[in-house]
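Chain letters run A, B, ... following the sequence lines, proteins first, then strands; residues in each count from 1.
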Number of protein chains: 2
Amino acid sequence: MLSKKTKYAINALVYIAKNKNEQPISVSRISEDQHIPLKFLESILTELKNSRILNSTKGKYGGYSLNGTPESIDMAKVMRLFDGAIALLPCVSENFYLRCEECFDEETCGIRQIAMEIRNETVKRLKAATLTDIIKREEKLKK
Amino acid sequence: MLSKKTKYAINALVYIAKNKNEQPISVSRISEDQHIPLKFLESILTELKNSRILNSTKGKYGGYSLNGTPESIDMAKVMRLFDGAIALLPCVSENFYLRCEECFDEETCGIRQIAMEIRNETVKRLKAATLTDIIKREEKLKK
DNA sequence: TTTATATCCTATTAATTTGGTAGGATTAGT
DNA sequence: ACTAATCCTACCAAATTAATAGGATATAAA
């Protein structure tokens, strides 16, 4: 399951991407439009900024804008930032590898192999899910 | 991520499946062999029994045995029992559907569609991961 | 230079989930 | 009766998740 943080983050990013020709967008505006608790959203956007997914400008008329193109920001990136590993088992995680404690021999573990296949498939799809892709899908669904 | 409960459950089930020609297998034996805390395992096996995945026989020489064939028990079933939904979003869960609170219109939600595709793929693979399949994979990997 | 409106920073808290224990009642084979 | 097993109810501790509080700092415009 995605955490609320990740969902909020993706919603906020999509929102910013949709309005990216405008000025930087303020936390309070996103908070109201997307019904995300203000202070919570603030901390989320700070994290996104710290990991260089967003830019920020301070002061009046300031706010947040995408750092890269909407094609360069995908769900895998956001999930990993807020929820950590995507894999079902830590021992098959690309970015957050940990040995499974209860596992005797990693190399011959049956469920590990399955978890690895699922991770490959899932990561592939999450990486394809860029902001652009998400917005395109929404437009198609609206017809 | 799979919870420890799910991992313990799968390990225990695989263990029982491997020794299924023997008498029913006791919690304490599985606990020792698989390094799973006794009382915790007890509660896990009780849940597996309540949902008819295991049979139990009480009293001396009692213990647990598979209720169905090892082909009929798969990871999807076990995961759903202990961790709930497999899907990344509650609104695409087959067995634990819940409306996404922050979502305005489910029908036109871009990330929902992505989550649905991932769920389909993941569930397919988890259902294929029966006890038999897991054991076969382990045997292959051991060579 | 004041004011309005932003982000930034540090800390704290509340709620939920996860992982695990404790202690005894009940059942059944020898 | 004894032994070894499941069953049952309750409890607890640690970790994670979801937020809130309160102010410091920066910036554009009046």
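Side-chain polar atoms of A/Glu71 and A/Thr132 form a donor-acceptor pair below 3.5 angstrom. With hydrogens and angles left out, the side-chain atoms of A/Thr6 and A/Ser3 include a donor and acceptor closer than 3.5 Å.
Residue B/Cys103 comes nearest to B/Cys109 through the heavy atom pair SG-CB, 4.0 Å, listed as atom of the first residue, atom of the second, then distance. Of all the heavy atoms in B/Ala9 and B/Val78, the pair that sits closest is CB-CG1, 3.8 Å. Nearest heavy atom pair, residue A/Leu41 against residue A/Ser31, reads CD2-N, 3.5 Å. Closest approach of B/Ser72 to B/Lys77, counting heavy atoms only: O-NZ, 2.9 Å.
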One pair to check against side-chain hydrogen bond (donor to acceptor under 3.5 Å, both in side chains): B/Thr108 and B/Asp105. What are the steps and the verdict? CA-CA 6 Å; B/Thr108 63; B/Asp105 179 16; 3.1 Å; yes
Could you go through the salt bridge (Lys or Arg N to Asp or Glu O under 4.0 Å) check for A/Glu121 and A/Lys124 one step at a time? CA-CA 5 Å; A/Glu121 193 60 40; A/Lys124 198 182 75 192; 3.6 Å; yes
Applying salt bridge (Lys or Arg N to Asp or Glu O under 4.0 Å), run through B/Asp33 and B/Arg29 and close with a yes or a no. CA-CA 6 Å; B/Asp33 269 47; B/Arg29 182 171 150 203; 5.1 Å; no
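Within residues 49-58 of chain A, the residues that place at least one heavy atom under 4.0 Å from DNA chain C are, in residue-number order, A/Lys49, A/Ser56, A/Thr57, A/Lys58. Within a heavy-atom distance below 4.0 Å of DNA chain D, no residue of residues 20-34 of chain A is found.
Of the residues near DNA chain C, A/Lys60 and A/Thr46, the one whose nearest nucleotide (by heavy atom distance) lies more toward the 5' end is A/Lys60. When each of A/Gly59 and B/Tyr61 is assigned the nucleotide of DNA chain D bearing its nearest heavy atom, the one mapping closer to the 5' terminus is B/Tyr61.
Put simply, the side chain of A/Arg119 gets close to the backbone of A/Val92: a donor and an acceptor are under 3.5 Å apart. Under a 3.5 Å cut-off, the side chain of B/Asp74 and the backbone N or O of B/Ala129 do not form any donor-acceptor pair.
For DNA chain D, the span of nucleotides reached by chain B at under 4.0 Å from its heavy atoms goes, 5' to 3', from D/dT3 to D/dC8.
Evaluation of the ring-ring contact (aromatic ring centres under 6.0 Å, His included) test over residues 16-61 of chain B, restricted to residues two or more places apart or in two chains, returns A/Phe104-B/His35, B/Tyr8-B/Phe40.
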Counting primed atoms plus P, OP1 and OP2 as sugar-phosphate and everything else as base, spell out the protein contacts along nucleotides 13-24 of chain C at 4.0 Å heavy-atom distance: B, S or - for each nucleotide, 5' to 3'. ------SBBBBB
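Contacts of B/Tyr64 classified as ring-ring contact (aromatic ring centres under 6.0 Å, His included), with partners at least two apart in sequence or in another chain: none.
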